[in-house]
There are 2 protein chains.
Amino acid sequence: MNLKDLAAMLGLSQTTVSRALNGYPEVSEATRVRVRDAAQQYGYRPDSRARSLATGRAMAIGLVIPMSAKQEMVNPVFADFIAGAAETFAARGYDLVLSLVANADEERAYRAPTTRGRVDGLLMQAPLTSDRRIAVLQQTGLPFVVHGRTSDHDDSYSWLDTDNTTAFRAATRHLLEFGHRRIALLNGVEEMDFARRRHLGYSQALSESGIAEDPALIACQFMTETYGHAAAARMLDQPAPPTAFLCSSLLVALGARRAIEARGLKMGRDVSVVTHDDGLSYFPNGDPGAPIFTSTHSSVRDAGHLSADMLMRIIDDPDCAPLQTLLTSTFVIGHSSGPAPTT
Amino acid sequence: MNLKDLAAMLGLSQTTVSRALNGYPEVSEATRVRVRDAAQQYGYRPDSRARSLATGRAMAIGLVIPMSAKQEMVNPVFADFIAGAAETFAARGYDLVLSLVANADEERAYRAPTTRGRVDGLLMQAPLTSDRRIAVLQQTGLPFVVHGRTSDHDDSYSWLDTDNTTAFRAATRHLLEFGHRRIALLNGVEEMDFARRRHLGYSQALSESGIAEDPALIACQFMTETYGHAAAARMLDQPAPPTAFLCSSLLVALGARRAIEARGLKMGRDVSVVTHDDGLSYFPNGDPGAPIFTSTHSSVRDAGHLSADMLMRIIDDPDCAPLQTLLTSTFVIGHSSGPAPTT
DNA sequence: GGCGTTGCTCAAAGCGCTTTGGACGTGAGT
DNA sequence: ACTCACGTCCAAAGCGCTTTGAGCAACGCC
């Protein structure tokens with residue numbers, strides 16, 4: 001059922017029918033009702049491509065999802081990010097077009113989002129510290145917002161990021177104030193910019209207290225439970241074990257807790273744990289109001305929401321200056337951290 | 001840069017340029033090279049909407065992602081499913097269009113995938129036991145494949161599913177053979193069809209051994225670590241605690257393990273745990289070759305791959321009979337299960 | 001009566017591509 | 001010399017929508 005067919009059926013022109021359905025004022029209320037009823041009855045649905053071709057707007061947003069090709073790892077965070085973004089977009093009538101891109105695959109990273117006309121803007125996630133894709137996106141001229149930042153790129157693009165450095169500095173300080181001196185960092189892969197920034201915050205807090213960083217207390221890997229367990233176990237079995245762990249994700253913290261408890265120690269008393277918490281819907285930190293882990297909390301779903309809002313604003317006004325939002329994570333006190341044990 | 005512009009620039013017709021770029025034989029090798037070079041040089045990229053409008057194919061697949069509105073829960077499994085599917089689609093030049101749909105929101109569930117022309121087919125996930133969306137999809141006439149099944153719908157559509165019932169029956173038998181008599185089931189929400197089928201398998205195995213099902217040993221909820229912990233803890237503190245847990249996800253199993261170990265018990269010796277393992281890339285069951293949990297394993301990423309293959313086949317031959325694939329999960333022996341303790 | 005207004009409707013020109021149905025040599029076969 | 005096939009290219013007709021510019025009544029106003 002075309003617009004043409006529908007118009008013929010009604011004895012009207014395509015113009016009038018189109019206007020009636022799209023709410024233009026130049027059409028009488030009587031015919032509008034007539035048109036709407038007929039459209040409903042015959043199940044008419046405009047063809048999105050034709051409409052998009054005519055209007056110039058695709059009514060779709062591209063989502064560039066990085067995959068670490070090496071380990072076939074999918075970022076567990078992106079589901080919630082999308083969920084947040086999708087709400088905003090759906091409300092404005094935009095669809096989401098995915099392009100999964102292996103970090104290494106420059107060619108597709110370039111081509112995929114560039115297929116002309118598919119999308120009106122892009123959302124990019126999880127940039128590496130040295131990520132060339134941002135430059136590529138800038139060249140295309142398409143509006144885009146990056147979730148995260150790239151340390152080695154100038155700041156001439158729009159991004160939304162969490163205050164990773166500040167948050168991890170605060171978390172480290174929290175542990176320092178509790179008297180901890182040997183604080184381990186179980187970080188993500190430091191190719192990722194967020195991991196690099198968290199490490200930086202950790203380093204800053206340590207050096208502010210005049211404590212030297214111990215390489216034996218630092219691990220960086222894909223953030224899984226087994227990794228958290230293995231790294232924590234290894235460190236705890238050292239001659240000079242850490243009295244506290246700072247983790248980059250709840251999953252890692254879970255692993256650390258297991259290592260701690262397997263050694264007959266009690267988390268929060270013998271060994272403290274502080275973790276970052278992305279607030280993933282399917283992975284809550286305890287029950288609402290009763291957090292288990294002391295954590296720096298920043299909802300990645302909210303980040304999705306806000307990134308989408310930003311992108312919408314840029315699409316509405318393409319010539320505006322780059323928008324940049326820095327979210328401050330909240331520090332949540334749970335049962336997992338406490339005073340350093342007096343030896 | 002249009003096709004028109006490019007053609008004018010080259011002194012050729014649009015026809016010839018289009019054919020040169022799309023590899024039609026009616027164009028001489030010399031001009032083909034000339035055209036390709038020019039396209040490269042001027043960065044010509046065909047407009048996907050125009051092409052799609054002309055060819056009739058959208059070169060995109062819709063992905064219906066359910067969200068449980070109540071709890072704002074995003075299915076953690078879908079990231080890996082998408083990753084698998086995306087590989088197949090990308091190889092064939094198809095994009096992925098997301099529509100997140102709240103389970104309750106019938107209206108959007110209906111409308112979203114129906115926007116005409118956006119997609120050539122649909123992939124649907126995680127159906128409920130009584131899911132009306134399948135009927136809706138059938139009405140649209142669009143090719144689609146469901147990941148999972150719906151027990152209360154006839155079998156006239158294409159699906160790919162894991163043998164949930166058989167797997168959970170086998171897992172339960174495994175525990176029964178070890179002498180366990182009080183086996184707890186920590187299931188997902190039983191609105192979901194897969195959860196219902198797993199419960200069924202569990203029930204079958206029990207009744208085959210003449211054991212009555214104990215409601216106090218059955219829990220069904222969104223599958224989180226805290227849920228696993230809370231449910232397992234509650235059950236272990238009963239007067240007649242279970243000697244084994246059968247879990248629907250690794251996250252839940254992790255919680256159960258925590259509850260077990262917190263009571264000074266050893267998993268695999270005092271209390272056994274068997275879990276389903278979706279093989280999520282970011283959540284491995286121990287290291288490769290050294291599984292921690294005894295599990296029924298079925299890679300959801302592979303499922304994505306295969307579903308995509310099926311959909312491609314249906315799109316190529318729309319009149320073929322419904323394709324239906326039942327994956328058999330492998331039973332993996334880990335350290336988490338062993339003989340029931342002799343009391 | 002002539003004029004501008006207002007309200008409703010339409011024909012037709014795109015949007016940027018693919019594809020059909022020739023056109024125009026060129027060389028071989030009869 | 002005429003035909004026929006072949007290789008190479010083109011003009012133009014869509015695909016299904018939006019939007020411009022204009023037409024046509026009917027109406028009130030000077």
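Scope of the values below: all heavy atoms of this structure, side chains included, with no hydrogens, waters or symmetry mates.
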Select one nucleotide: of [options], the one nearest the side-chain heavy atoms of [X].
{"X": "B:Tyr24", "options": "C:dT19, C:dG16, C:dC8", "value": "C:dT19"}
{"X": "B:Ala54", "options": "C:dC17, D:dT18, D:dC9", "value": "C:dC17"}
{"X": "A:Arg116", "options": "C:dC17, C:dT9, D:dT8", "value": "C:dC17"}
{"X": "B:Leu3", "options": "C:dT18, C:dT9, D:dT18", "value": "C:dT18"}
{"X": "B:Ser13", "options": "C:dC17, D:dT19, D:dC10", "value": "D:dC10"}
{"X": "A:Leu12", "options": "D:dC10, C:dT9, C:dC17", "value": "C:dT9"}
{"X": "A:Gln14", "options": "C:dT18, D:dC17, C:dG16", "value": "D:dC17"}

Atom-to-atom span, [atom1] of [X] to [atom2] of [N] - whole angstrom:
{"X": "A:Arg45", "N": "D:dC17", "atom1": "CZ", "atom2": "P", "result": "12 Å"}
{"X": "B:Lys4", "N": "D:dA12", "atom1": "NZ", "atom2": "P", "result": "13 Å"}
{"X": "B:Arg118", "N": "D:dG16", "atom1": "CZ", "atom2": "C1'", "result": "14 Å"}
{"X": "A:Arg49", "N": "C:dT18", "atom1": "CZ", "atom2": "C1'", "result": "13 Å"}
{"X": "B:Arg51", "N": "C:dC15", "atom1": "CZ", "atom2": "P", "result": "19 Å"}
{"X": "B:Asp5", "N": "C:dC15", "atom1": "CG", "atom2": "C1'", "result": "13 Å"}
{"X": "B:Met59", "N": "C:dC17", "atom1": "CE", "atom2": "P", "result": "16 Å"}
{"X": "B:Leu6", "N": "D:dC10", "atom1": "CG", "atom2": "C1'", "result": "16 Å"}

Quiz item: Would you say the base of C:dT18 and the side-chain of B:Thr15 have a donor-acceptor pair closer than 3.5 Å?
Solution: no
Quiz item: Does the side chain of B:Pro46 come within less than 4.5 Å of B:Leu3's, by heavy atoms?
Solution: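 Counting from C-beta outward, B:Leu3 and B:Pro46 never come under 4.5 Å.
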Quiz prompt | First of B:Arg19 and B:Pro46 reached from the 5' end of DNA chain C, by closest nucleotide | solution =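 The answer here is B:Pro46.
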Exercise. With DNA chain C as reference, determine whether A:Leu53 or A:Val17 sits nearer its 5' end, using the nearest nucleotide of each.
Key: A:Val17
Ring geometry between [Y] and [X] (parallel below 30°, tilted from 30 to 60°, perpendicular above 60°):
{"X": "B:Phe81", "Y": "B:His147", "result": "parallel"}
{"X": "B:Tyr282", "Y": "A:Tyr282", "result": "tilted"}
{"X": "A:Tyr94", "Y": "A:Phe89", "result": "tilted"}

Quiz item: Which part of the nucleic acid, if any, lies within reach of B:Ser52 when heavy atoms closer than 4.0 Å are counted: base, sugar-phosphate only, or nothing?
Solution: nothing
Practice problem: Have a look at A:Thr31 and say if it touches a base, only the backbone sugar-phosphate, or nothing, with a 4.0 Å heavy-atom cut-off. | Solution: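 Answer is sugar-phosphate: A:Thr31 comes under 4.0 Å of backbone atoms only.
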Can you check whether [X] has a side-chain N or O nearer than 4.0 Å to OP1 or OP2 of [N]?
{"X": "B:Thr55", "N": "D:dC15", "value": "no"}
{"X": "B:Ser28", "N": "D:dC9", "value": "yes"}
{"X": "B:Thr16", "N": "D:dC10", "value": "yes"}

Exercise. Evaluate the criterion side-chain hydrogen bond (donor to acceptor under 3.5 Å, both in side chains) for residue pair B:Asp193 and B:Thr150; output intermediate values, then yes/no.
Key: CA-CA 6 Å; B:Asp193 200 70; B:Thr150 285; 5.4 Å; no
Quiz item: So among B:Asp95, B:Leu96, B:Val97, B:Val145, which one has a side-chain contact (heavy atoms from CB on, under 4.5 Å) with B:Ile61?
Solution: B:Leu96
